[in-house]
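The structure appears right after this line, and notes come after that.
Lettering follows sequence order; numbering is per chain, from 1. Remember, predicted model here, so these are calculated numbers, not experimental data.
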There are 2 protein chains.
Amino acid sequence: MVTLAEVAQHAGVSASTVSYVLSGKRSISAATRQRVERSIRELGYHPNAGARALASSKSNIIALMVPLRTDMYVPVMMEIAIAVATTARTHGYDVLLLTGEEGPDAVRRVTASGLADAMILMDVELDDERLPLLRDAGGPTGAKPGVGEDRPSVLIGLPASTSGLTCVDLDFGAAGALCVEHLAMLGHRDIAVIGEAPAVYERHTGFAERTLDGLRSRARDLGLRALHRPCEGGYDAMAVTLARILDERPGTTGFVVQNESAVEPLLALLRQQGRAVPEDVSVIAVCPDQVATQASVRLTSVAIPAQEMGRRAVELVVAKLDGRGTDEVVLIPPELTVRGSTGPVPSAS
Amino acid sequence: MVTLAEVAQHAGVSASTVSYVLSGKRSISAATRQRVERSIRELGYHPNAGARALASSKSNIIALMVPLRTDMYVPVMMEIAIAVATTARTHGYDVLLLTGEEGPDAVRRVTASGLADAMILMDVELDDERLPLLRDAGGPTGAKPGVGEDRPSVLIGLPASTSGLTCVDLDFGAAGALCVEHLAMLGHRDIAVIGEAPAVYERHTGFAERTLDGLRSRARDLGLRALHRPCEGGYDAMAVTLARILDERPGTTGFVVQNESAVEPLLALLRQQGRAVPEDVSVIAVCPDQVATQASVRLTSVAIPAQEMGRRAVELVVAKLDGRGTDEVVLIPPELTVRGSTGPVPSAS
DNA sequence: CTGAAAGCGCTAACAT
DNA sequence: ATGTTAGCGCTTTCAG
């Protein structure tokens, strides 16, 4: 194994010079730099991660905690995780993959051992048990005098109280409002909201509620009636839910769907009932673009910007590690894309 | 930050004693052990990962390289990744998430820096450019005399040549054969195989070809005719593909589908054409159980055991790290579950 | 069964 | 602009 000392010897300089060439933390004459770089290349030197971490008390690793549960829409998580990993690399960090399984203990373990310099948490619950740990061990505010004690974190998703925390999320409230506006503009007055599985609401993940709040309040403003029904997803559950909705509000002409596994069943059922989309009813979804474009009908939708969420989370956490950056809540503005599933409300006939 | 030395002092023992209590590498009197453990608890001590890695030349980290591309069925990857992470934890390892983006360089970087002790690679291509690196730097065979130079790896998937490599995968050949046997048993003579997107075949990922080979050879043995057509997935592509198949082989009564995004479109199209499943035609899929059970028809399927693949990969890699374990190819036997989408061939009428 | 002490490879003062 | 050197916190001989 090639060590820094060997590189130094080979290049005829001191160890610290090699170190500084690597880190760029002090100016090096072009000549020396080149000799050192040449030696590094010729010897095939790779700095030892452990030694570095020990000497600098920085591991250059960001821990990413993903939910163990897989009842959320998985591709979104994967996309976020991949975006986190690639963005982290562009900032010189690697990503450690933690599952929610260990819970708060994982936070302590990874944080206290110096395994990771910072954490990104996905799928935060409104009153997450990991939050207290994060609050007092992270951020410029909470920085202890002792070196390297600071372990900043960023949440993807919003807990009930964000004080002392940094969070990134889609502005689901605005997303809900956007859906209503679009339908209202097309003349729809009676809309139904097909939501996530009841379990999602019970777990208090927040995003579903926020969508609903935004949606209802805008519906109120615009004078629309909105009926909300959670739905497990899948054909059977969707069939039941749809029947109930149409029973209660036969005049429903617009559907907002926030549940990837309900999208296709809904479209199939509507088709089967002879309700044409978008001629008879309009459907708008809050879902990743991929789902919207690959459905049997190209769906008008508000996108869930998975990549951007991952990227922003990394940028925030890196900013904190660099001493820039503050506790803040970044709500990504939703974007609505009109595709083929929404249209003007049918004229009464 | 609490150090081992502080624990030692607090417990009134030497540093090495604390270390040995932690590692269990030599016998400690019950009395001392308890005093040490108490100090550890009271002080809230967590061993420093960097120092450990440096002193022991083991990071206790396994790198997992996932494909950047997301045209594969994502939930399976996620499930594998999560299984890898949780299984690794039970063996005392953490998981570093690498994307394919960096390619071979990532292997070198992570391996040479000692960041990870071993690697698991997903989505290996038949002639993957990372393989040479892995072959000569890993495994009991390739162990260099110098300590800690050995970086074992395990592939999830099979490359063209597996010599000097350890691999885990579903036995896709057997899976294909199983599908044919099931259909043959039900009396089907003309079957169509709806495969992955052409890109998957072109990329030479292997698994799709292996399924097909197993399927065709068994079809030959049993005297069935099998027509294979790749398919992009999605409604439009599936419609075209289906039309061609029925045009060329109007007598087709059995479908084998290996493409998650073609499953639902196929079912919808069959329904639309008035072909009842399983009365008129049988459909069998090679897909994760979740897909099979959540489709609009409960599908008879051969499962893709994502969790088991992840778990096995970790177990193999840990065995290698422990000096047990050999280069071997683990092919997981496929299991066929009969659900509602297959039945006897309709009697000629 | 326990201690003492020599590194592991690198970083970051402190020198010059 | 470069060299010297003292650790970083832990593991692991070597001694007892």
Positions of residues 15-39 of chain B (non-hydrogen atom under 4.0 Å from DNA chain C), listed by number: B/Ser16, B/Thr17, B/Arg26, B/Ser27, B/Ile28, B/Ser29, B/Thr32
Residues in side-chain contact (heavy atoms from CB on, under 4.5 Å) contact with B/Arg108, at least two apart in sequence or another chain: A/His46, B/Pro104, B/Asp105, B/Leu133
Set of residues satisfying side-chain hydrogen bond (donor to acceptor under 3.5 Å, both in side chains) with respect to A/Thr99, sequence neighbours excluded: none
Results of side-chain contact (heavy atoms from CB on, under 4.5 Å) for B/Ser163 - residues two or more places apart only: B/Arg135, B/Ser161
Shortest non-hydrogen separation from A/Val317 to A/Ala118 and the atoms involved: CG2-CB, 3.7 Å
Heavy-atom check, side chain of B/Val168 versus side chain of B/Leu155, under 4.5 Å: no
side-chain hydrogen bond (donor to acceptor under 3.5 Å, both in side chains) partners of B/Asn60, counting only residues at least two apart: none
Pairs where residues 94-104 of chain B contributes a residue and the test salt bridge (charged side-chain N to carboxylate O under 4.0 Å, His left out) is met, not counting sequence neighbours: A/Arg89-B/Glu102, A/Arg109-B/Asp94, B/Arg89-B/Asp94, B/Glu102-B/Arg109
Any donor-acceptor N/O pair, A/Thr86 side chain to A/Ala83 backbone, under 3.5 Å: yes
5' to 3' contact window, DNA chain D with chain A (heavy-atom distance under 4.0 Å): D/dA1 to D/dG9
Helix axis bend for the helix from C/dC1-D/dG16 to C/dT16-D/dA1 - C1'-based end axes, five pairs, 10° rounding: 30°
Residues that B/Asp128 engages under side-chain hydrogen bond (donor to acceptor under 3.5 Å, both in side chains), provided they are two or more places apart: B/Arg130
B/Glu37: side-chain hydrogen bond (donor to acceptor under 3.5 Å, both in side chains) partners, not counting sequence neighbours: none
Counting only pairs under 3.5 Å, give me each side-chain donor-acceptor contact of residues 47-55 of chain A, with atom names and distances, residues two or more places apart or in other chains.
{"from": "A/Asn48", "atom 1": "OD1", "to": "A/Gly50", "atom 2": "N", "distance (Å)": "2.8"}
{"from": "A/Asn48", "atom 1": "OD1", "to": "A/Ala51", "atom 2": "N", "distance (Å)": "2.8"}

Flag side-chain contact, heavy atom, 4.5 Å: A/Met122 against A/Met65: no
Bounds of contact between DNA chain C and chain B, in 5' to 3' order, using a heavy-atom cut-off under 4.0 Å: C/dC1 to C/dG9
